[in-house]
Structure formats: C-alpha cells, structure tokens
> 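Sharing a structure, written as structure tokens. Questions coming.
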There are 2 protein chains.
Amino acid sequence: MGERYLKSIRLLAECMQGYERLSGEYVRRSGLTHAQFDIIATLGNTPGMSYKELGDKTLITKGTLTGVIERLEQKGLVERQRNDCDKRSFFVRLTPEGERTFCTVFPEVIAHSGKMFAAYTDDDFARLEKTLSELKTVIMAGQTEPAPSRRDCD
Amino acid sequence: MGERYLKSIRLLAECMQGYERLSGEYVRRSGLTHAQFDIIATLGNTPGMSYKELGDKTLITKGTLTGVIERLEQKGLVERQRNDCDKRSFFVRLTPEGERTFCTVFPEVIAHSGKMFAAYTDDDFARLEKTLSELKTVIMAGQTEPAPSRRDCD
DNA sequence: TATTGTTATACTCTATAACTATA
DNA sequence: TATAGTTATAGAGTATAACAATA
C-alpha cells in the first residue's frame, strides 16, 4: 500500500526512455553503437581510465569490454597504454579523433536538450539539480557496496 | 557557458545507470533479458496492445520485436491474437504465467527500490514527482512529433 | 499508396567461464 | 591467492532493407 515510490520510479523510467529515444537518434547517426557511445561519453573530459573503472562506470562486463574497445581502437577513437605501475592493467583514453567525435556527437544531443530546457529558469534548474542529486545519492546507496578500490598507484 | 542543463543531464544519466544496475540484477536472475523484461513490464497491468504500440513504447524496432516476442511466446509468457478489426495487426498480451512472472520479478525490483526510499518523507516524494513530471513533459516535447495514431478501431 | 508485421543479413552485444599474466 | 584483461562460445539484440498481406 504505502508504495509511494512506485510513481516516482515509473516517472524516472519514462524520463530515461524518453531521453534515450532522443539521444539514440544522434548516437546512431554518428555510426556508433550504444555501447561504443557509452565508452566515448565516459572517457570524454577525462584523462582516461583503466578497463576496470570503465567497466564499472558503463555496466559493460570485462569480456564484452575487450571487444568494444577493440572496435573503437580500430576506428581510431581510443588508445590503450600499459599501466607502468600495474602491468596487468591498461590505461584507455580518447585519441584526438575520439575527442573530436565526443565533441561532435555529444553537443548534438546537448543542443537538442538545450532547446527542450529553453523555458527553464535558474530556479528550475536549481531544483532539478537538487532533486536529481538526492535521487542519485539514494540510488547509489542502494547498490551492493562497492569494494573500496585501492589507489596506491596514481 | 550558459549550458546549465549539462549538469542536469549528467545527473539524469547517472540516475538512469544506477537504477539500471540495480534492477538489472533482479532482471537477470529471472532468466529474462533486458528486452524481454521490458516487454513484460510494458504489458503488465494492461489488457495488451499491438506490436506497433509495443515497439513504440519499448524503443524496440519491429524487426527485432518479432524475435523477442517469439522467444517470450516459446517461454509461454505472452500470447498473440489477430486483431479482428485490422487483420494486419496482432494483439499481444501476457499469459497467466506471464502475469505471474511480472508479479514476481517486478516487485523484487520495487521492494529493493522501496528500501532506498526509506528516508523519503511525503514532501520529498511530492517534490520528486513534481520535478520528474516536469522533466518528462520537457523530454517528451523534445521528441519528433509523434504521428497522432488513429484509434478508429478500439 | 501506406501500414503491419515477417524474413534475411551481417554485425554487435551479452553472460559466462576458462585462461594468462601479473600482484 | 586474488585481480586485470583475454579468449571462446552460444545466444540474443540491433539496424536495415526487401517483402507479404491488408488497409
């Protein structure tokens, strides 16, 4: 009965789906698959990261990740480098062309989103950010506790 | 620059991903794929709908949908029936076993979500619902205008 | 002529598990 | 022993386009 959260969850799912429908158009036009774009978007504006970290952030399991990264490497969008500190590990980052792709595809979605939000005031944004931040906190707390990763080496 | 919405979009994406990570666990345990669960969840609590409508709601294209529905039919979770009114069209609905699956898997996700929201007050929910509703409105308005579907026949 | 759903193709993703190499 | 990434396998989803039947 008191399942008040049902409505919120449904709304969240609807927002998700609507947003995916929207961004999906641009992603497909870019010639990237969903998984590939996910990687590009995750690596964008970062110095790069390990497979492990990338897998954790994108929900792509390591076995799949090898293939996805391979295809992106063939397209010249990402590059890998052995981690000097832990020789089992790779460091993956966008190539300049990968950056370019990120900077082309991402803003197309962003620009479209911008139009959507045309009527939002600063206050509206502030409320949206606050609400989503709280929601994110709650959702992240619900995850199976993440093993605290060691950071001895960077 | 004035790209205030960037932060909101990132937050929304993070909420989406967090929620998918969470619900994905239960979905996989049920032996359903993501697409299959999407169908089950969409058909749940409805009298059924056509392939067309189902495809629109789940973002699964018609070619793929044929295969997904086929597998669900083999599992005995959905059934199809010719639409008397438009003989090109099928009507898809959950079987009793499909309903049972829906009623088993869905609540597991829901229950977990419920724990997440334990600390939410009525006011918190009210604000969350309001904010998400507005967001949904904005997102849906951003979609390429949906062709108004004819409903002469049901 | 347009729409609903099917079929076919080629590719990509997915889960899973066994494996190599480093730690 | 545990972890990072690879490989292998089998199945499922994906985009796309040509096709049949019906509207």
Side-chain angles (χ1 to χ4, degrees), chain A residues 20-21 24-40 48-75 77-78 80-92 146-154, chain B residues 20-21 24-40 49-56 58-75 77-78 80-92 146-154:
Chain A
E20 264 166 30
R21 192 195 314 266
E25 276 180 45
Y26 296 98
V27 170
R28 241 172 297 118
R29 279 186 215 162
S30 73
L32 297 172
T33 65
H34 180 79
Q36 286 167 10
F37 179 72
D38 207 0
I39 299 291
I40 299 285
M49 61 191 75
S50 71
Y51 272 49
K52 182 75 169 61
E53 203 175 341
L54 204 44
D56 287 344
K57 292 203 186 213
T58 57
L59 309 187
I60 300 175
T61 52
K62 57 186 182 175
T64 306
L65 201 54
T66 301
V68 177
I69 296 290
E70 214 167 74
R71 273 162 234 129
L72 285 173
E73 213 177 6
Q74 278 163 11
K75 290 185 183 187
L77 300 180
V78 306
R80 304 184 311 166
Q81 190 178 14
R82 275 277 176 214
N83 185 340
D84 287 336
C85 191
D86 182 341
K87 284 180 181 138
R88 293 170 305 182
S89 179
F90 278 107
F91 203 71
V92 197
S149 69
R150 302 286 220 72
R151 305 270 296 180
D152 297 344
C153 173
D154 49 348
Chain B
E20 265 167 28
R21 193 197 315 267
E25 275 179 46
Y26 296 96
V27 171
R28 241 172 297 117
R29 280 186 214 163
S30 74
L32 296 172
T33 65
H34 179 78
Q36 286 168 9
F37 178 72
D38 208 0
I39 300 290
I40 299 284
M49 61 191 77
S50 69
Y51 271 50
K52 181 74 170 63
E53 202 175 342
L54 204 43
D56 287 344
T58 58
L59 308 188
I60 299 176
T61 52
K62 58 185 181 176
T64 306
L65 202 54
T66 300
V68 177
I69 296 289
E70 216 168 74
R71 273 162 234 128
L72 284 173
E73 213 177 6
Q74 278 164 13
K75 290 185 182 185
L77 301 180
V78 306
R80 303 184 311 165
Q81 190 178 14
R82 275 279 175 211
N83 185 342
D84 287 335
C85 192
D86 181 341
K87 283 179 181 139
R88 294 170 306 181
S89 179
F90 278 108
F91 203 72
V92 196
S149 69
R150 302 286 221 70
R151 307 268 295 179
D152 297 343
C153 172
D154 50 350

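Throughout, a chain's letter reflects where its sequence line sits, starting with A, and its residues are numbered from 1.
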> Atom CZ of A/F37 to atom C1' of D/dT14: distance rounded to whole Å?
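So the CZ-C1' distance, A/F37 to D/dT14, works out to 17 Å.
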> Taking ring pair (Phe, Tyr, Trp, His ring centres under 6.0 Å) as the definition, give me every residue that meets it alongside B/F37, ordered by chain and number, with sequence neighbours left out.
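Listed in chain order: nothing, the list is empty.
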> B/K75: what forms a side chain to side chain contact (heavy atoms under 4.5 Å, CB included) with it, not counting sequence neighbours?
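Once residues adjacent in sequence are excluded, the partners of B/K75 under the side chain to side chain contact (heavy atoms under 4.5 Å, CB included) criterion are B/L32, B/Q36, B/L77.
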> Atom CD of A/E25 and atom P of D/dA15: how far apart are they, to the nearest Å?
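Result: 12 Å.
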> Just to verify, what does A/R21 make a side chain to side chain contact (heavy atoms under 4.5 Å, CB included) with, not counting sequence neighbours?
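If we apply the side chain to side chain contact (heavy atoms under 4.5 Å, CB included) test to A/R21, skipping adjacent residues, the hits are B/L59, B/Q143.
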> Tell me whether B/R82 forms a cation-pi arrangement with B/F91, defined as NZ or CZ under 6.0 Å from the six-membered ring centre and within 45 degrees of its axis.
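No, B/R82 does not sit over the ring of B/F91.
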> List for me each residue that meets salt bridge (Lys or Arg N to Asp or Glu O under 4.0 Å) alongside A/K52, sequence neighbours excluded, and say none if there are none.
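Applying salt bridge (Lys or Arg N to Asp or Glu O under 4.0 Å) to A/K52 gives A/D56.
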> Check B/T58 against B/D38 and note the closest heavy-atom contact, atom names and distance.
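Taking every non-hydrogen atom into account, O-OD2, 3.6 Å.
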> Report the distance from atom NZ of B/K52 to atom P of D/dA21, rounded to the nearest whole Å.
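Between P of D/dA21 and NZ of B/K52: 22 Å.
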> What residues, two or more places apart in sequence or in another chain, satisfy side chain to side chain contact (heavy atoms under 4.5 Å, CB included) together with A/T61?
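If we apply the side chain to side chain contact (heavy atoms under 4.5 Å, CB included) test to A/T61, skipping adjacent residues, the hits are A/T64.
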> What N/O pairs connect the protein and nucleotides 20-23 of chain C at under 3.5 Å? Give each pair on its own line.
residue, atom, partner, partner atom, Å
C/dA23, OP1, A/K87, N, 2.9

> Take the protein atom CD of A/E53 and the nucleotide atom P of D/dT3, then report the distance between them rounded to whole Å.
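Taking CD of A/E53 and P of D/dT3, I get 17 Å after rounding.
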> Starting at atom CD1 of A/I60, determine the distance to atom P of C/dA15, rounded to an integer number of angstrom.
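Those two atoms, CD1 and P, are 10 Å apart.
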> Taking salt bridge (Lys or Arg N to Asp or Glu O under 4.0 Å) as the test, write out the residues that go with A/E73, two or more places apart.
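Per chain and number, A/E73 pairs via salt bridge (Lys or Arg N to Asp or Glu O under 4.0 Å) with A/R80.
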> Expressed in angstrom and rounded to an integer, what is the separation of B/I69 atom CD1 from C/dT4 atom C1'?
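Roughly 14 Å, once rounded to whole Å.
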> In whole angstroms, how far is the C1' atom of C/dT14 from the CG atom of A/D38?
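That distance rounds to 14 Å.
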> Restricting to nitrogen or oxygen on both sides, can you table the protein-nucleotides 6-12 of chain C pairs closer than 3.5 Å?
residue, atom, partner, partner atom, Å
C/dT6, OP1, B/R80, NH1, 2.6
C/dT6, OP2, B/T66, OG1, 3.0

> Atom NE2 of B/H34 and atom C1' of D/dG11: how far apart are they, to the nearest Å?
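The answer, rounded to whole Å, is 17 Å.
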> Quick one: list whatever passes salt bridge (Lys or Arg N to Asp or Glu O under 4.0 Å) with B/R88, sequence neighbours left out.
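Salt bridge (Lys or Arg N to Asp or Glu O under 4.0 Å) list for B/R88, sorted by chain: B/D86.
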